[in-house]
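Encoded as structure tokens, the structure appears first; notes follow it.
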Amino acid sequence: MLAWLLLIPAAAVVVTVMILPLGFALFASLFQYSLGQEDRMVFVFLDNYVRFFTDPVALHALFNTLLFTVLSLSLCLAVGVGVAVLLRDMHRPTANVLRAIYAMPILISPIIVSLIWRYMYDPTYGLVYWLLHLFGLGGFPGLTSSATALICIVIADVWHTAPFIILVASAGLTVIPEELYEAARIDNANPLQVLFKITLPLLTKVLVVLILIRGTDAFRTFDLIYGLTGGGPANATTSLSIYAYQQAFENNQMGYAMAASIVTLACLVVLFGPFLRNSAQDQGE
Amino acid sequence: MRKPTVGSVAKWVALVLFCVWTIVPIALVVLNSFKKAKDIFTTTPTLFFTPTLDNYVNAFTKANFGLFYLNSIVVALVSTVIVIVVGTFAAYALTNFRLPFANAIAGGFLLGKLVPVISILLPLFVMINAIGLRGTLAGPIIAHAALNLPFVIWLMMGFIRDVPRELAQAAMIDGCTRMQIFWKVIFPIILPGVAAAFVLSMQYSWNELLFSLQLTTLDTYTLPVGIASFVGAISVDWGLSSAAATATMVPLIIVGFFVQKHIAQGTTGGAVKG
């Protein structure tokens, strides 16, 4: 009895802020209406969803989101795990100091990260252009061209998130028994063999958790894009979250925006649900 | 001392370059916050300049940053206290009571981690608008608490499971009630977990933009919304916004140095032990 009482507050929070709103979103996504005109809602059934999957901008947003997730996730995993591996067999105090420095971006708000990188990418005063000029590489279009804007955002995202991977991967590496590395040394294994035969296989569980956390965050990205490009130029960096936001608050199409946000949620469940199941089972043991 | 090999030199170069890559963007903004406009707008970065506090004075007087600071502190503190109380009780219920379907319920809470903010924001915005709470701090407080709930429950479940069963059993024999066991036996032991959850929940709320962006109005803006209002502009006042950004992020960077060890365990809900 007491147990259920203790659960009630948590359930109340979930019902008020998750289940009720999501239920309402599902319901409202079947209507065409704009904000403040709830009395003039027109029932259109699945039209909003049909519209989403036939609208080139919406599909482009879906594509951008997938591309951003794949690029950002693979880059920050490669960089993060790479640095963690380099730090592993170092003098402990030195490694700790380096790790503390590397961890600095972790707790910085994404909107500030976007401010920092807006300045880095500023065509006139930005450090990126100054550096490129030093190496004689002028004419990089950066955030202003639809060909390069997305990769620029990915770079800023990796700057922000790779440190988190370093910390978690480092923690994961400490539990790999030292004897395995001793044995590899005796057998004269080269560093690549050690990486692919020992380190990565024993890190699998940690990697799954990281893919789940970082992948879902990348798929939902809003703040960083909002601050860097607002989705432009020419929708080249519009993610699903940005798209739904614009439909709701700029184009004033609430019903359609809700449908777009439900599609975003559905994609997340399909893509990352299996990972969630795995990691939940692992912890339940 | 071993002789430096090509490999170890390359490794050091990589590690030092990564230091530069991490520090320079942060240092640039911090330096800009102390620069006059003429020192910021140079095509070659200037390292030597006469520092000024004008940007900070402007941020806190003209741009209302003091108010945003206060709003952020209130939202972060209240939502964190709510989520820790609610989440820890739920975690206690799910671990120590042999509840039917305890695993399924815990898994249900975890599903919340998949929900994108935008999917909640749109309907929540309509609901909060309808009951007239838009523009108050209630919106971001309840939203942040809900978004933090899954990780707090899972983190605390991990910590409570690690408390030796014998301690609770001994207290039960001594005639303690369930709640006495929680406060006298379990709570003191899981205090480090509570502290980790506290810091991580605070930082999420302190940094969160999207909910606050639409649920607050000018006098209830939080720090990220205030900063977004600068970067959203066509021409950015770099001095002012750098001061605002520095004042917002530096406290967290300092906190980060102290809690770094708990970040791995905390954000993975205990899946990775630090």
Side-chain angles (χ1 to χ4, degrees), chain A residues 2-3 6-7 9-10 13-14 17-18 21-22 24-25 83 86 98 100-109 111-112 114-116 118-120 124-125 127 130 159 167-168 171-172 206 209 213 216 220 222-223 227 241 244-245 248 257-258 261-262 264-265 268-269 272 276 279-280 283-284, chain B residues 11 14-15 18-19 22 25-26 28-29 41 43-45 86-87 89-90 92-93 97 99 103 107 110 112 114-120 122-124 127 142-143 145-146 149 178 203 207 209-210 224 227-228 231 238 241 245 248-249 252-253 255-257 260 263-264 267-268 271-274:
Chain A
L2 177 64
L6 289 170
L7 269 175
V13 170
V14 171
V17 190
M18 296 252 172
L22 284 179
F24 178 71
V83 173
L86 287 184
L98 284 175
I101 293 173
Y102 296 159
M104 282 167 66
I106 291 184
L107 297 186
I108 298 180
S109 168
I111 191 70
I112 295 180
S114 78
L115 177 100
I116 291 174
R118 266 282 283 275
Y119 189 72
M120 295 284 286
T124 333
Y125 317 111
L127 196 68
W130 181 74
W159 179 83
L167 285 194
V168 178
V206 174
V209 174
I213 293 177
T216 50
R220 293 181 278 207
F222 176 86
D223 310 19
S241 291
Y245 180 89
M258 301 255 193
S261 80
I262 295 285
T264 313
L265 172 62
L268 273 159
V269 172
F272 296 100
L276 190 69
S279 66
Q283 286 174 64
Chain B
K11 176 174 153 178
L15 290 175
F18 200 74
C19 272
T22 305
I26 299 174
L28 217 57
V29 167
F41 300 118
T43 41
T44 316
V86 165
F89 281 157
Y92 182 47
F97 286 79
L99 219 54
N103 280 340
L110 200 58
L114 281 184
V115 179
V117 168
I118 191 76
S119 317
I120 308 266
L122 299 181
L124 195 66
M127 288 159 67
I142 184 82
L149 190 61
R178 286 283 199 173
Q203 73 88 20
N207 290 338
L209 170 71
L210 186 44
I227 291 168
V231 282
W238 288 116
S241 53
T248 306
M249 74 181 174
L252 280 197
I253 294 179
V255 168
F257 284 130
Q260 201 207 107
I263 289 178
T267 42
T268 56
V272 177
K273 296 261 156 65

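To find a chain, count down the sequence lines: A is the first, B the second, and so on, and within it residues start at 1.
- In this structure, B:Ser119 contributes its side chain and A:Ile262 its backbone to no donor-acceptor pair below 3.5 Å.
- With a threshold of 4.5 angstrom between heavy atoms, A:Met120 approaches chain B through side-chain atoms but not through N, CA, C or O.
- The shortest distance between side-chain heavy atoms of A:Ser109 and B:Thr248 does not fall below 4.5 Å.
- Per-residue heavy-atom pair counts under 4.5 Å with chain A were compared for B:Gly87, B:Ala146, B:Gly256, and the maximum is reached by B:Ala146.
- In this structure, the side chain of A:Arg220 engages the main chain of B:Val115 through a donor-acceptor pair within 3.5 Å.
- Note: A:Phe272 CZ to B:Leu114 CG = 8.5 Å, rounded to the nearest 0.5 Å.
- No other option in B:Phe97, B:Phe257, B:Trp238 has as many heavy-atom pairs under 4.5 Å with chain A as B:Trp238.
- Side-chain atoms of A:Tyr245 and B:Leu210, non-hydrogen and from C-beta on, do get closer than 4.5 Å to each other.
- The candidate with the highest count of non-hydrogen atom pairs below 4.5 Å against chain B, out of A:Pro9, A:Ala10, A:Ala257, is A:Ala10.
- Only the side chain of B:Leu28 comes within contact range of chain A, with at least one heavy atom under 4.5 Å from a heavy atom of that chain.
- For the set A:Val13, A:Leu265, A:Thr264, A:Thr216, the count of heavy-atom pairs under 4.5 angstrom toward chain B peaks at A:Leu265.
- Heavy atoms of A:Leu98 lying under 4.5 Å from chain B belong exclusively to its side chain.
- Listed options A:Ile101, A:Leu127, A:Leu22, A:Leu86 were ranked by heavy-atom pairs under 4.5 angstrom with chain B; first place goes to A:Leu86.
- Residue A:Tyr119 touches chain B through both its backbone and its side chain, counting heavy-atom pairs closer than 4.5 Å.
- For B:Gln203, the part lying near chain A is the side chain, with the backbone staying farther off; criterion is any non-hydrogen pair under 4.5 Å.
- The candidate with the highest count of non-hydrogen atom pairs below 4.5 Å against chain A, out of B:Ala245, B:Gly112, B:Pro25, B:Ala93, is B:Pro25.
- Taking A:Phe24 as the reference, nothing meets the ring pair (Phe, Tyr, Trp, His ring centres under 6.0 Å) condition, with sequence neighbours excluded.
- Interface residue B:Leu99: only side-chain heavy atoms are found under 4.5 Å from chain A.
- Contacts of A:Ile106 classified as side-chain contact (heavy atoms from CB on, under 4.5 Å), with partners at least two apart in sequence or in another chain: A:Ala103, A:Pro163, A:Phe164, A:Leu167, B:Ile263.
- Chain B forms more heavy-atom pairs under 4.5 Å with one residue of A:Ala100, A:Ala25, A:Ser241, A:Ala248 than with any other, namely A:Ala100.
- Summarising the geometry, atom CE belonging to B:Met249 is positioned 4.5 Å from atom CD1 belonging to A:Ile116; distances are rounded to the nearest 0.5 Å.
- For the pair A:Ile112 and B:Val29, the minimum side-chain heavy-atom distance is 4.5 Å or more.
- Between A:Ile108 and B:Leu252, the closest side-chain pair of non-hydrogen atoms is not below 4.5 Å.
- Atom-to-atom distance recorded for B:Leu122:CG and A:Met258:CE is 5.5 Å, nearest 0.5 angstrom.
- Proximity to chain A (any heavy atom under 4.5 Å) is restricted, for B:Leu149, to the side chain, taken from C-beta onward.
- Atom CD1 of B:Ile227 is separated from atom CD1 of A:Ile111 by 7.5 Å, given to the nearest 0.5 angstrom.
- Contact check for B:Tyr92 versus A:Leu2: no side-chain heavy atoms found under the 4.5 Å cut-off.
- Between the side chain of A:Tyr102 and the backbone N or O of B:Leu15 there is at least one donor-acceptor pair closer than 3.5 Å.
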